[in-house]
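To start, the structure under review is shown below, and the notes come after it.
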Number of protein chains: 2
Amino acid sequence: MKATIKDVAHEAKVSVASVSRALNGVGGVTAATEKRVREAAARLRYMPHGAARSLITRRTNTIGALLPDLHGEFFSELIRGIDQQARLHGLQLLVSSSHDGLDDAASALRAMQGRVDGIVILSPRLDARFLKANLPEDLPAVLLNSPVTGAQHAVLNIDNFAGTHAMVRHLLGVGHRRIAFIAGPPDNYDAQQREAGFRGAMAELGHDGSPVVVAGDFSERAGYEAGRKLLKAKLRPQAIFAANDMMAVGCLQALKDAGLDVPQDIALAGFDDIPISRYVSPALSTVRVRIAELGRSAMGLLSEMIARPGTAVGAVHLLGCDIVVRDSCGAHAIGSVHR
Amino acid sequence: MKATIKDVAHEAKVSVASVSRALNGVGGVTAATEKRVREAAARLRYMPHGAARSLITRRTNTIGALLPDLHGEFFSELIRGIDQQARLHGLQLLVSSSHDGLDDAASALRAMQGRVDGIVILSPRLDARFLKANLPEDLPAVLLNSPVTGAQHAVLNIDNFAGTHAMVRHLLGVGHRRIAFIAGPPDNYDAQQREAGFRGAMAELGHDGSPVVVAGDFSERAGYEAGRKLLKAKLRPQAIFAANDMMAVGCLQALKDAGLDVPQDIALAGFDDIPISRYVSPALSTVRVRIAELGRSAMGLLSEMIARPGTAVGAVHLLGCDIVVRDSCGAHAIGSVHR
DNA sequence: ACGCCAGATGTAAACGTTTACATGACGGCT
DNA sequence: AGCCGTCATGTAAACGTTTACATCTGGCGT
């Protein structure tokens with residue numbers, strides 16, 4: 001059996017109250033007794049029972065993270081950012097990932113009840129109705145990349161518009177005119193924004209009123225297929241902008257398989273800046289999303305909400321992103337070398 | 001204020017005991033009252049308080065994961081595997097990553113006290129003494145890639161010996177004789193095993209009694225430096241085997257920068273099979289470690305220990321790994337093409 | 001008609017903490 | 001000398017559940 005505070009009290013010959021005071025350093029206790037208590041606790045290997053403590057203090061020092069079935073770098077970077085910031089505030093992290101359906105998410109949410117002080121939700125598929133039904137309204141929550149908007153929760157999104165605009169501007173600046181776009185899954189909020197951003201930028205900056213857009217789903221395979229499809233067009237695009245890096249990588253393979261040289265024959269760009277982008281050849285130009293930063297910011301917002309409940313944070317916050325120019329977009333053919 | 005079980009009891013006009021029974025489906029309650037209770041609970045948006053529940057049931061349905069400051073794919077795959085299996089058992093996951101020092105780890109461990117039913121620890125630096133001091137002995141624990149061995153906890157390791165042996169055998173089989181090794185950080189258990197495995201395999205299978213081994217630290221940069229160093233030797237190795245993929249990638253760059261062709265002039269192999277390995281050119285031959293599988297197995301072991309406390313699981317379990325042959329080791333120069 | 005049994009329901013204790021409040025001791029001030 | 005304030009310490013209530021046990025109800029067998 002594990003030692004409880006009572007055992008320590010008995011061992012140190014004081015009351016449980018004094019043990020609590022001594023161990024929590026709240027004062028109101030003699031240096032001598034504090035020492036006695038600490039020694040007794042050490043001797044018994046006493047560790048306070050977290051659940052019991054949170055029950056009475058109504059603080060768990062834990063925040064929850066509700067994530068969809070994510071693979072790879074995005075997931076780990078996000079967790080990393082959240083966890084870093086959480087650690088800074090002395091908070092732990094209760095993760096629930098890989099939930100696909102709404103039921104999954106709902107039950108994960110209930111299971112977190114009473115175990116977390118706040119929650120970070122990344123779920124492009126959850127709508128306002130679901131949240132209203134399953135999220136206790138007094139639980140601080142930060143929504144990531146979510147279309148939901150309401151004063152209820154804070155929302156933190158990637159600035160997809162700024163990113164696509166910057167990349168389109170760059171591609172045009174390098175001299176490409178006919179730019180094609182490979183879109184992401186239609187039900188994904190980021191994908192929607194990136195496509196809209198691309199169309200907007202082309203309408204605004206380009207001379208092409210209705211640019212070519214082919215469908216995709218963020219997968220490498222979809223990128224490959226899209227690449228083949230684009231090559232079959234009568235008027236081959238001068239540049240291809242994929243809605244994420246994975247598709248750009250797939251597309252790159254398609255272009256190579258067709259015997260084309262990138263960026264000589266055709267330019268290519270992606271979005272996300274996953275690590276792989278740096279290692280394909282030619283290295284992929286892309287829009288950098290600082291994912292860990294996204295996690296950190298979310299966590300920062302959340303701890304703010306926890307510290308000062310009732311503060312309105314309903315605004316939608318945007319996390320900027322910048323473009324990183326490597327070899328695949330042809331900029332270096334005319335300029336400096338940059339690795 | 002959040003609704004408690006008392007509120008539901010009042011709303012449904014029954015006692016708290018009946019509410020508990022109705023909601024937990026343990027029987028001993030009329031269908032009619034169960035319905036009344038469920039409706040009352042739904043009306044009040046009642047969700048049971050996790051901490052209160054675990055306090056009395058002595059079950060948290062949560063397992064902890066204590067991880068070092070890990071980047072990238074390894075981290076996310078591991079969590080993924082653990083979480084998948086945990087979900088299968090209806091368990092949640094309390095993550096504490098990015099802790100560097102021993103103090104960090106110790107305080108993370110205390111914070112988990114009373115919040116988890118078991119724990120998975122990946123920490124090549126923690127020794128038996130630390131564990132004895134900071135881990136409650138009746139808390140089921142699974143150690144990953146740990147040199148610690150004891151009946152106290154289960155240990156699950158990657159079979160680094162089998163992996164290095166297989167790769168050395170393969171390289172020799174392709175015809176390479178002078179094989180050099182880039183080692184990992186000396187204080188890392190996996191690194192130690194891989195180096196020992198390499199030396200053992202060379203002594204056993206090769207004709208070279210004392211093969212060249214240069215130092216490294218698992219980083220891309222260290223791989224680059226090691227590559228340069230190896231090229232300066234009077235007798236250039238025919239193949240280089242890096243203790244992990246990241247160093248292999250760095251080394252590849254060094255070889256390219258020196259104007260060498262891989263695998264024509266020199267062969268290269270890594271260890272881990274991180275996603276990047278497939279995307280560099282030439283694609284990297286490597287030893288595949290099924291990381292998600294590692295997480296799943298650990299979690300499986302753990303839930304076994306939780307379900308049947310007292311069962312001895314002190315044995316060291318090994319997770320096998322197989323080699324994946326791509327272009328960088330020169331096998332394809334003499335055989336079929338394989339992507 | 002009586003008692004009994006099964007099953008539904010309620011009462012209250014227990015889990016391990018924190019903390020408001022009561023108690024008691026001691027020292028300094030007038 | 002008496003009083004009061006300060007401060008260490010103890011007692012007990014509270015947090016929100018689950019569950020052993022007591023109580024009550026109704027139906028059934030004799």
Side-chain angles (χ1 to χ4, degrees), chain A residues 1-38 40-41 44-62 110-117 136 138-139, chain B residues 1-38 40-41 44-62 110-117 136 138-139:
Chain A
M1 214 48 236
K2 228 160 286 185
T4 76
I5 196 172
K6 281 189 191 159
D7 302 324
V8 179
H10 185 253
E11 173 87 6
K13 303 197 194 313
V14 294
S15 72
V16 291
S18 293
V19 175
S20 176
R21 284 189 280 254
L23 259 29
N24 292 330
V26 296
V29 76
T30 281
T33 56
E34 168 158 352
K35 181 154 176 285
R36 260 219 325 291
V37 169
R38 294 219 115 93
L44 266 46
R45 280 191 191 340
Y46 168 69
M47 296 186 183
H49 191 284
R53 197 201 286 244
S54 7
L55 183 55
I56 185 76
T57 59
R58 337 203 96 239
R59 283 282 266 136
T60 63
N61 291 316
T62 302
R110 340 191 87 233
M112 285 188 177
Q113 193 58 227
R115 307 199 121 97
V116 298
D117 295 335
D138 57 348
L139 185 69
Chain B
M1 213 46 236
K2 230 160 282 186
T4 77
I5 198 173
K6 281 188 192 160
D7 302 324
V8 179
H10 185 251
E11 173 87 6
K13 303 196 195 315
V14 294
S15 73
V16 291
S18 294
V19 175
S20 176
R21 284 189 279 254
L23 259 30
N24 291 330
V26 296
V29 77
T30 282
T33 54
E34 169 159 353
K35 182 155 174 284
R36 260 218 327 290
V37 169
R38 293 220 116 92
L44 266 45
R45 279 189 192 342
Y46 168 70
M47 295 184 183
H49 192 282
R53 198 201 287 245
S54 0
L55 183 56
I56 185 75
T57 60
R58 340 204 93 239
R59 282 282 266 137
T60 63
N61 291 316
T62 302
R110 344 191 82 233
M112 285 189 177
Q113 192 58 228
R115 305 201 125 97
V116 299
D117 295 334
D138 59 347
L139 184 69

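Each chain gets a letter, A, B and so on, in the order the sequences are listed, and its residues count up from 1.
For the OP1/OP2 pair of C/dG16 and a distance below 4.0 Å, the side-chain nitrogens and oxygens of A/R53 include no atom meeting the criterion. Within the 4.0 Å cut-off from OP1 or OP2 of C/dG16, at least one side-chain nitrogen or oxygen of B/R58 is found. Of the side-chain N and O atoms in B/S20, one or more sit less than 4.0 angstrom from OP1 or OP2 of D/dT18. Remark: B/S15 is in phosphate contact with C/dG10, judged by side-chain N or O atoms under 4.0 Å from OP1 or OP2. Using a 4.0 Å cut-off, some side-chain N or O of A/T33 falls inside it from OP1 or OP2 of D/dT9. Taking side-chain N and O atoms only, A/S18 has no distance below 4.0 Å to OP1 or OP2 of D/dT9. At the phosphate of C/dT17, neither OP1 nor OP2 sits under 4.0 Å from any side-chain N or O atom of A/S54.
A side-chain donor-acceptor contact under 3.5 Å links B/R115 to the backbone of A/T60.
Going from atom CG of A/L44 over to atom CD of A/E11 covers 5.0 Å, rounded to the nearest 0.5 Å. B/T4 contributes atom OG1, which lies 10.5 Å from atom NE2 of B/H49 (distance to the nearest 0.5 angstrom). To the nearest 0.5 Å, the span separating OH on B/Y46 from CZ on A/R110 amounts to 9.0 Å. Rounded to the nearest 0.5 angstrom, A/T62 OG1 and A/M112 CE are separated by 10.5 Å.
Among the nucleotides C/dT9, C/dT19, D/dT17, the one closest to any side-chain atom of B/I5 is D/dT17. Closest to the side chain of A/V14, from the set D/dT18, C/dC15, D/dG10, is D/dG10. For A/T30, taking side-chain heavy atoms from C-beta onward, the closest of the listed nucleotides D/dT17, D/dT9, D/dC15 is D/dT9. Residue B/A17 places its side chain closer to D/dT19 than to any other of D/dT17, D/dT11, D/dT19. Nearest to the side chain of B/T57, among D/dT9, C/dT17, D/dT18, sits D/dT18.
Here the P atom of nucleotide C/dT19 and the CG atom of A/L23 are 14 Å apart, to the nearest Å. The separation between B/K2 atom NZ and D/dT17 atom C1' is 15 Å, rounded to whole Å. Atom CG in A/D7 sits about 13 Å away from atom C1' in C/dC15, given to the nearest Å. Atom CD in B/Q113 sits roughly 13 Å away from atom C1' in C/dT17 (whole-Å rounding). Whole-Å rounding puts the A/I56 CD1 to D/dG16 C1' distance at 10 Å. Atom pair B/H10:NE2 and C/dT11:C1' shows a separation of 17 Å (rounding to whole Å applied). When rounded to the nearest whole Å, the span between CZ of B/R21 and C1' of D/dG16 equals 16 Å. Between the CZ atom of A/R110 and the P atom of D/dG16 there is a distance of 17 Å, given to the nearest Å.
DNA chain C is contacted by both B/L55 and B/G27; B/G27 maps to the nucleotide lying nearer its 5′ end (nearest heavy atom per residue). For the pair B/V16 and B/A52, nearest-nucleotide mapping onto DNA chain C gives the more 5' position to B/V16.
Pairing each heavy atom of A/I5 with each of A/V19, the nearest pair is CG1-CG1, 3.5 Å.
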